[in-house]
Amino acid sequence: MAESAFQLVSEIGTQLGRQTRSGKDSLLKLLKQAANALSEIEQPSTSEAARKLEAIKNLEVSTKPLRKAIVHGLLQHKDKEVRLLVAICISEIFRVMAPEPPFEDKYLRDIFKLIVSIFAELADTASPHFSRRVKILETIARCKCCVIMLDIDCNDLVLETFNTFFSVVRENHQRSLINHIISIMTHIINEEASQTLLDVILRKLVKDGKGAPCASYQLAVSIIQNCAEKLEPFICGFLTNCILDRDAVENELKEFYHEIIFQIFQCAPQMLLAVIPNLTHELLTDQVDVRIKAVNLVGKLFALPKRHVAQHYRDLFLEFLKRFSDKSVEVRVSALQCVKAFYMASPFGTESHEVITAALEDRLLDFDDKVRTQAVIVACDLARSNLKFVPPKLISQTSERLRDKKIIVRKKAFHKLIEVYRDYCNKCSEGHMTISDHFEQIPCKILMLCFDKDCKEFRSQNMELVLAEDLFPVLLSVAERTRHWIHLFSLFTPLHVKALNSVLSQKRRLQKEMQSYLALREKEKETSSEEMQKRIKTSFMKMAALFPDPSKAEDSFHKLNQMKDNNVFNSLALLLDELKIADAQTIRDKFLKTVGDRHPHFEFLSSLSSKCSHNIFGSEHIQCILEHLSDNRYGTKLLEASSAKLLLAIISIFPSLLRGSEAQLRMLIEENRKINDKLIEVLAKAAPHISVKLSDIYPILERVCREGSRIEAKFSVAAIAAFGGVSEQFIFSKLCKDLVVSLHAGQNIPTVLQSLGCVAQYSVSAFEAQDGEITSYIYEKIFRVDSSDNINSYNDASGCTSSCKLKIYGLKTLVKRFLPHRGTHARRQIDELLDILSNMLQKGDAFDGIITCENDKAHMRLAAAKSVLQLSRRWDLHISPEIFRFTILVAKDSSLFVRRLFLDKMHKLLKEHVIPSRYACAFALGTSDCPKDLQDDSFKYMAEFIKEYSREARIRQSSSVQGGAITDYPAYIVVFLIYFLAHDTGFPSENCPEEEIYAQFCSPLFNLLEALVNATVVDGDMDLVNDALLLLLSIFRAIKKAEDVVDARNTPRLHIIADFGFSFLKSLNHNDASSAHAPALILLPSSFFRAYSGCLNQSPFNDCFIKKVVQMFKSRLSLPITALPKRGRKCQEDNTKLAIIESNTLYLASSEKVDLSTTEVETRKNMRQDITVGHRQKQGVSSESVRLRECSINHQHSASKKSKRVLEKEPLSSCDSVTRLSLAESHISVQTLERDALSLKENVRASSNVVSDPPKYSKAEAKDTCSLNESNNKSETLIGQRIKVLSPIDRCFYSAVVDGYNSQNNTHKITYDSGEVEVLSLESESWETISNSLLVEREVVLAESNSFQLQHRGLKGTIGTSGGAAATQQQKVLPSEECGKLSNRTDLLPAKVKRGRKASKDTSASEVINLHEDAVAKRTRRKKI
């Protein structure tokens, strides 16, 4: 057979050599025969060399004709089939003659080109010739003949072969075919690897590695794995050069070297052992883009599963951790984006823990909002991917970002945490997780967003939708939701409850208002009137306010009202009545489907229907809560208590939801659980809305009133009152008698006393029938018992004896008699009770001769003080100054425990506006001589009081309906604080020369004054500060003209304290406002003060001593001047605004300012007139000029009329009448006025130019002003001059001397009075010159009328004054020169701007009086109408 195949191949070769122009068919036939014959020939396999050599020689002879025919013609044939058969023959010849090349070198290039072209057709798997091509590939691979291309230097063909293989390989190719390709490529690389071939492989590795791996990518991976040893030097060299100096690498692949590293590391990580450590270099480079790419690469390497890269390359990991705190925001963000994959690769690894704790948690507190946002996203995605094992601390810290200062971070945290909580709820419902506090904190924090005033998305109007539709998964059952709500309430603080109540209350208000509107609509059909339309419009306004966009909602309501389709309103009515969530949802879905999403008001109707339906809590929730309580499923008292709290919170807003569950609630109450107080309160809240008869429930409630706890008794009486109806009087009379019997029997006295007190509040007549007997029992059996009888029976909770506790309970019962509910006024005499309270406040017990320990006395004083506060709600006019003083004195009680409880209680009552504001002066007492924490709380309480009450007083003042009074303002409590201090037994002796003692004694007053005129307390509202300032000045002036009603001997003390207060106020007042600013009339309570009938004596202390006392106090609080930045220039930009506010704390807003100086005579004269002026002190250096501000001045006639109206409306506080003290009715001593005038003059520097307020002063205007004071514009002439430079931070002028001038850079050397030196360009500064020798002292007096009015938005009551001489003064004329000078000065006055609007008025020197040869200009105001 072999011999015949040899012969056939030889013959065919001869024939092919002879046929020069043969046809295609005959050629194909011959080539097929040749290929078949060659396939039958095997390689010589004999082991004998001689025989093998003979066999090879026979092969050469037999194939020679065919080989000759191939190289001399067939290689150049153009037909594909011919070329294919030729290639087959060639491959077979290579096979049978291997390992020697069967062709000469000069022909091999063309031969391999033919073979490569055949390989290029391998992609066409559908071709009928595909199998033949595969056969060629197989033969070539087995013979390894492609390496011959390297021997003949056909590198281009080798490169083409590689590119061809990468281009034709397909996923559907058989594995054997791919193995043949790999074999060929591997043999070539193992024979001779090169950078060129590597580039071809890497290019496919990078480009085809993106997305789903393709066949070419897999081929490249296989080649790298098979040839790792040969390719490693080339790969390592290339990648190392790219890392260390990429710009020097001349290879286009250098742009993708990070991806190359990642891809190679996945398939052959051992190749990169020398490369990976070099990535540390890139993490440390200064180029941000390189660090970002390095972080992304390293992050992906660390995230490779089961590779533990971070462990093997520890140094690289540590440097990677540092990139989380990189100085570049983009780098930190990139690092965060790697966290999730890193953690998921090894969630329990040490390195993953380090990434979470040392990196991610820290980035949640990053100073850049982009980084914090990314950290929130990563943390939440991480949590969702592994809820069971995510660190709890991470969840807690992520939820804290809901309080982030940036809205964008809060929003992102909100949406991402909602997703986390939903997944958590699903896991809990499926049983894969148990309820966890860390995840339940998420809705707690979300609820707190209700207090976010910056973002509309978080307001209560939107939070309703969150709780109803977004918080829980849609398919989560009501039972599961109830479980979560119960656990939530175990974590709730009062603020959380308040937020939830806010959301639910708004929903309930809308439902009620909607029900009212639907009723009005029905009535309107019958009788339409204008009044009906007004009521409907008002209803729309109320409901619209509960939507995120009120104006849009109100417009939609009006359009809804015009709709004629009654089905819409019927559906809304059904929603309002339906109490079950599931049924309500069905009704709503049907309603919206009927309306259709193409309806123009579909969005509004969808929102309205949601608000009308019970979609947050329904009757199903109530049933679930009661079932949980009945079954005792929790096993913990905490969750049982939270269930009761949740039930109470729901029923308080939606009492009708209890319908259908009355029997279950009654059974729970009968079981007498520890949560009975909450359950009974629930019953009391829902009583009018449920179908329960009082006769059925009364026995239980009556038993609780006698045998239960005090809190249970309180709510039981409330429940009886709620159920009572027409039989209430009879029931309470019976209950009261039964309680009196129990009282005499000594059965559970604390609870019986509580029940009696509550009965007294609900039914005055029922209690009055037993009043004498109850009161007598309390006096004789409780108050007159010595605590020594029960000295060993201490109550652990309260810290006092049982008898003391009983006395307190008895006192509460007596107090409640005078505080009935429902607006009924008790017809009793309160004097006896007030006497008891007075005795308790002073001696710690109700009667004299009772032996009581000091601890009990402290508790009794506290109880008495609280009782006075409670009684002040209705009986404030009956509370004497003495009782008031003793009550306030509790703030300085010897027991710190008592102080704390008293101040906390008073803060609560003032916040609820249930007691008179005068009691707030106790906060001032708490700011001194107390522990640090108590002082801090006192300052906080005082600031909250001032802020809230100031704004409310302004609202009342501006209201045309309510009106307002001076006593509404927080500053008025200074009246009562001064009275208290004057009666203080610790008042220093007049002979005491110690400034420190007086500074300590007056510190409560000083602290209060400082808070009242501190703009930061009222959020920078300067109108409120100015109002407080003027009112305080009026108060001090009025007290100086008043005397003590209770004890006239204390009058000098009142005046001394007023002097201290006035001096302290002046030390704070940047405008140097004197008493001449203040209103001429102030109202003082007649039960405390009366007008002084005699002549006032001079103060025992001179101005110097008073100033030293003030300075002594301020020195404790102030920093040294050297600690402040130089003119504030080096302050940070974000502190600039605060510094300006603080320095402008006492500016009188909306006023003009005039530089002035005055003579002593003129000052004394003008101080006697009612001229509203003010001047400003400069801080840090002595004042060089005084800025006067002009309060709003009306004509005398209108002022007197308004003053009369205010006096008629002025309410009485702690007095039966009002003492009116005005400047016209009594005179301040001449000495006092002279001191004020002198102090005013001392702060004045002579100046001939009038300048405007520095903050409104442009630099150009400042230069113009300066130019008026100079004879020429040469900068050298300023050397030696004294100037004032305006600080851009605190807006104050600082005095200095110009010591030098540099003409090269046009700068001056400035030496301040404080010794500090600066080099400034005065052209870019606001400054003024000071020249004492050239300027004449002048005074510009603002004199238009003698009426005063506090600024609008503040004290609006204008108070008329006498002393109209200024209005009728004779006009005098100056010489023309003086008039010209004055005219020049007044032209510099800028137009006054108030509240952003330019005032229309003329400013001129219309009246000039020549006094002591000085010109005094009076500016007048002409209003344009």
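- Residues L646 and L488 have side chains not in contact (no heavy-atom distance under 4.5 Å, counting atoms from C-beta outward).
- Between M563 and L560, some side-chain heavy-atom pair lies under the 4.5 Å cut-off.
- Looking at F654 and I622, their side chains never come closer than 4.5 Å, going by heavy atoms from C-beta outward.
- The main-chain N or O of S606 is never found under 3.5 Å from a side-chain atom of S610 such that the two would form a donor-acceptor pair.
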*Given side-chain contact (heavy atoms from CB on, under 4.5 Å), test L491 with Q441 step by step and report yes or no.*
CA-CA 8 Å; L491 305 174; Q441 284 288 354; 4.2 Å; yes
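- The two residues S399 and K445 come nearest to each other via the heavy atoms OG-NZ, 3.4 Å.
- The backbone N or O of F732 sits nowhere less than 3.5 Å from a side-chain atom of Y762 that would complete a donor-acceptor pair.
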*Passes side-chain hydrogen bond (donor to acceptor under 3.5 Å, both in side chains), Q585 versus D589? Steps please.*
CA-CA 6 Å; Q585 186 62 41; D589 292 342; 2.8 Å; yes
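- Side-chain N or O atoms of S516 include one that pairs as donor or acceptor with a backbone N or O of K512 at under 3.5 Å.
- Taking the six-membered ring wherever Trp is involved, the centroid distance between the rings of F458 and F414 falls below 6.0 Å.
- K542 is not listed as a side-chain neighbour of R509, based on a closest heavy-atom distance of 4.5 Å or more.
- Inspection of the H614 and E620 side chains reveals no N or O donor paired with an N or O acceptor under 3.5 Å.
- In terms of heavy atoms, C612 sits closest to Q511 at O-NE2, 3.2 Å.
- A distance of 6.0 Å or more separates the ring centres of H496 and F489.
- Surrounding CD of E603 are at most 12 heavy atoms belonging to other residues, nucleotides or ligands under 6.0 Å away.
- Counting only heavy atoms from C-beta outward, the side chains of V466 and L449 never approach each other to under 4.5 Å.
- Rounding to the nearest 0.5 Å gives a distance of 9.5 Å between CD1 of I720 and CD1 of I680.
- The backbone N or O of S661 lies less than 3.5 Å from no partner atom in the side chain of Q664, so there is not a single donor-acceptor pair.
- Checked for salt-bridge contact, E419 and K416 meet the test: a charged N lies under 4.0 Å from a carboxylate O.
- Within 6.0 Å of atom CG in L495, more than 12 heavy atoms from other residues, nucleotides or ligands are found, so the atom counts as buried in its surroundings.
- Rounded to the nearest 0.5 Å, atoms CD1 (I731) and OG (S763) are 10.5 Å apart.
- The heavy-atom pair separating R521 from N566 by the smallest distance is NH2-OD1, 4.0 Å.
- In this structure, F604 has its ring center under 6.0 Å from that of F547.
- Looking at R874, its side chain does come within 3.5 Å of a backbone N or O of P820 through a donor-acceptor pair.
- Remark: the backbone N or O of K947 is not paired with any side-chain donor or acceptor of S950 at under 3.5 angstrom.
- At least one donor-acceptor pair closer than 3.5 Å links the side chain of T482 to the backbone N or O of V478.
- Between the side chains of R588 and S571, no donor-acceptor pair is found at a separation under 3.5 Å.
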*asked:* Applying ring pair (Phe, Tyr, Trp, His ring centres under 6.0 Å) to H907 and F945, what does each step give before you reach the verdict?
replied: CA-CA 8 Å; H907 173 251; F945 166 77; 9.8 Å; no
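- A 4.5 Å side-chain heavy-atom check between R951 and D1019 finds at least one atom pair inside the cut-off.
- Of all the heavy atoms in R659 and H689, the pair that sits closest is NE-O, 3.1 Å.
- Ring centroid separation for the pair H487 and F439 does not come in under the 6.0 Å cut-off.
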*Test Y517 against N561 for side-chain contact (heavy atoms from CB on, under 4.5 Å), laying out the working first.*
CA-CA 10 Å; Y517 161 68; N561 191 45; 2.7 Å; yes
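- In this structure, the side chain of S429 engages the main chain of N426 through a donor-acceptor pair within 3.5 Å.
- Looking at every heavy atom in both residues, I669 comes nearest to N676 through O-ND2, 3.1 Å.
- Side chains of D577 and L574 form no contact here, defined as non-hydrogen atoms less than 4.5 Å apart.
- Here the straight-line distance linking atom NZ of K685 with atom CG of L647 works out to 12.5 Å at 0.5 Å rounding.
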*Step-by-step salt bridge (Lys or Arg N to Asp or Glu O under 4.0 Å) determination, R403 to E400*: CA-CA 6 Å; R403 300 168 54 203; E400 285 296 323; 2.9 Å; yes
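- Side-chain contact annotation: E440 with H484, donor-acceptor N/O pair under 3.5 Å present.
- From F492, atom CZ reaches atom OG of S642 across 10.5 Å, with rounding to the nearest 0.5 Å.
- Of the inter-residue distances, the one linking I651 atom CD1 with L658 atom CG reads 4.5 Å to the nearest 0.5 angstrom.
- The pair R535-E531 does not count as a salt bridge, with every side-chain nitrogen at least 4.0 angstrom from each carboxylate oxygen.
- Looking only at side-chain heavy atoms (C-beta outward), P494 and V497 stay at 4.5 Å or farther from each other.
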*Test side-chain contact (heavy atoms from CB on, under 4.5 Å) on V704 and F715 and set out the steps.*
CA-CA 9 Å; V704 173; F715 293 123; over 6 Å; no
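- For the pair D404 and R401, the salt-bridge criterion is met [side-chain N within less than 4.0 Å of a carboxylate O].
- Expressed to the nearest 0.5 Å, how far CD1 of I442 lies from CZ of R422 amounts to 12.5 Å.
- A side-chain donor-acceptor contact under 3.5 Å links K507 to the backbone of K611.
- No more than 12 heavy atoms of other residues, nucleotides or ligands shown are found within 6.0 angstrom of CD on E530.
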_Could you walk me through whether R410 and E457 satisfy the side-chain contact (heavy atoms from CB on, under 4.5 Å) test, starting with their C-alpha distance in whole Å, then the side-chain angles of each, then the deciding distance to 0.1 Å, before giving a yes or no?_
CA-CA 10 Å; R410 297 202 296 273; E457 188 174 344; over 6 Å; no
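- In this structure a side-chain-to-backbone donor-acceptor pair under 3.5 Å is missing from H558 to D555.
- Nearest heavy-atom pair, H621 versus I616, reported as atom, atom and distance to 0.1 Å: CE1-O, 3.4 Å.
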